[in-house]
Amino acid sequence: MKPADPKIKDRLLNVKDLPTIPVIHSRILKLIEGANYSVDEVSALIERDQVLSTKVLKLVNSPFYGLYSEVAAVRSAVVLLGTNLIRGLILSTALFDTIDKKLPGLWDHSYCCSVIAGFLAQRFGLTAVEEIMTGALLHDIGKILIKKQLEAESAEIERTVQSRGITMIDAERKIIDITHEKVGLWLAEKWNFPRIIKNIIEYHHAPGLCGTHLKQAAIVHLSDIIAKGIGVSYSGDPFIPVLDDKGWKALGLAESDLVDILVEIMDIIQADKVLSKYISGDRDETRKDG
């Protein structure tokens, strides 16, 4: 394994090089940091940003929520989604939009994982649905920083994946001795997300190593595998990860359960305006608004 560059973390998390969060997004983030923030004020600010408004409404109107009528008001969406998901959407927007052309499809993949993870969290009767969906939405943010901040190394990682037929995470270990899981954790710490979200990001490839939130990390791990397995978008890695044995056991699923789950997930995806194009075969449609 190649020794890690001692300055790798500085290169990855150099504040001057990170995407600048728009002023309006910064105002929203500052508002929701308060325990008693005004939903009306937050909603009014979100409505002033078309891209963010679209993402908020698309997520709340995904079939996962099972709403009887479409939510057209941003205010209602803010109440339904919750603080962590709103923060996740805002912070990921700044990163995803800067790298979209270099990692096409990564937003759709992350969005799909979030929807699947929310469905699974509800199926397992877990209470932290919002945090699990946020962790799933942000699970691959480390890939974005590696692509943006380490261009030469990123190109070498991609060549190694193709030439040696190994997964991206194995290529990352070989080339820079740092994985996108760890890079994502650093960023989540910088953004002061709750521990559950940090753990999901750090262990989404190996939930069995996650102590405190093993089941939550296992849900996102399984969501990532399902999204890749059924061909919903491209996360930058051509290989489907191996299912983590300890994570699978933590979920307590039988193979017959998985078949039923996949059927329900396919129904959700086919009914989703963002994701159904991957099932129908219209994968060349350009994503303009996430």
Side-chain angles (χ1 to χ4, degrees), residues 15 18-34 36-65 67 69-115 117-118 129-145 147-148 184 187-188 190-194 197 201 233 235 272-275 277 285-290:
V15 176
L18 284 175
T20 302
I21 296 176
V23 174
I24 192 168
H25 290 189
S26 296
R27 288 179 62 189
I28 298 170
L29 292 172
K30 187 174 181 180
L31 273 175
I32 62 180
E33 283 176 3
N36 299 310
Y37 68 88
S38 166
V39 172
D40 289 331
E41 195 170 358
V42 169
S43 303
L45 289 172
I46 291 175
E47 287 170 349
R48 290 168 57 183
D49 186 298
Q50 185 178 2
V51 172
L52 182 58
S53 295
T54 300
K55 287 183 175 180
V56 166
L57 290 172
K58 277 185 175 178
L59 183 56
V60 80
N61 284 305
S62 68
F64 151 73
Y65 280 95
L67 301 175
S69 59
E70 183 171 328
V71 175
V74 170
R75 188 188 189 285
S76 299
V78 169
V79 172
L80 287 166
L81 292 177
T83 301
N84 282 312
L85 260 176
I86 294 297
R87 287 185 70 209
L89 283 168
I90 290 171
L91 292 167
S92 63
T93 293
L95 283 175
F96 278 106
D97 287 355
T98 61
I99 209 74
D100 185 54
K101 292 181 180 178
K102 294 182 179 179
L103 289 173
L106 187 58
W107 166 261
D108 284 355
H109 169 75
S110 300
Y111 168 79
C112 180
C113 284
S114 183
V115 171
V129 177
E130 177 192 336
E131 288 79 9
I132 292 170
M133 290 184 70
T134 305
L137 182 69
L138 300 174
H139 75 282
D140 271 344
I141 53 172
K143 289 181 180 179
I144 300 174
L145 277 192
K147 186 75 174 179
K148 186 179 187 300
L187 192 50
K190 189 177 185 66
W191 286 340
N192 295 315
F193 272 105
I197 294 174
I201 292 171
S233 194
S235 67
D272 191 287
K273 294 177 181 178
V274 177
L275 304 175
K277 63 185 178 184
E285 181 180 327
T286 302
R287 180 180 66 78
K288 297 182 185 298
D289 54 17

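Hydrogens, waters and symmetry mates play no part in the numbers below; they use all other heavy atoms, side chains included.
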inquiry  = Here's a test for you: under side chain to side chain contact (heavy atoms under 4.5 Å, CB included), which of Val71, Leu59, Leu85 qualifies with Leu80?
reply    = Val71
note = Paired with Val42, the side chain to side chain contact (heavy atoms under 4.5 Å, CB included) test is passed by just one of Leu31, Thr83, Leu29, Val74, namely Leu31
To the closest 0.5 Å, what do you measure between [atom1] ([X]) and [atom2] ([Y])?
X	Y	atom1	atom2	result
Ile28	Tyr37	CD1	OH	11.0 Å
Ser53	Lys58	OG	NZ	12.0 Å
Glu47	Arg75	CD	CZ	10.5 Å
His25	Asp49	NE2	CG	3.5 Å
Ser110	Lys143	OG	NZ	8.0 Å
Ile24	Leu52	CD1	CG	8.0 Å

task = Would you check if Ile141 and Leu91 make a side-chain contact, meaning some heavy-atom pair closer than 4.5 Å?
result = no
message = Is any side-chain heavy atom of Leu137 closer than 4.5 Å to one of Met133?
response =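 No, too far: nothing below the 4.5 Å cut-off.
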message = Using 30° and 60° as the class boundaries, would you call the ring planes of Trp107 and Tyr111 parallel, tilted or perpendicular?
response =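 Trp107 vs Tyr111 ring planes: parallel.
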Exercise: identify the closest heavy-atom pair between [X] and [Y]:
X	Y	result
Leu57	Ala77	CD2-CB, 4.2 Å
Ile201	Ala188	CD1-CB, 3.8 Å
Asp272	Pro63	OD2-CD, 3.3 Å

Backbone N/O of Leu106 and side chain of His109: donor-acceptor pair under 3.5 Å =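 Between the backbone of Leu106 and the side chain of His109 there is no qualifying donor-acceptor contact (under 3.5 Å).
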task = Mark yes or no for whether Glu131, through its side chain, and Asn84, through its backbone, hold a donor-acceptor pair below 3.5 Å.
result =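 Side chain of Glu131 to backbone of Asn84: no pair is present.
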task = Can you sort out the partners of Ser38 under side chain to side chain donor-acceptor pair (under 3.5 Å), two or more places apart, ordered by chain and number?
result =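 Here no residue qualifies.
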query = Given Arg87 and Thr134, is the side chain to side chain contact (heavy atoms under 4.5 Å, CB included) satisfied, shown in steps?
reply = CA-CA 9 Å; Arg87 287 185 70 209; Thr134 305; over 6 Å; no
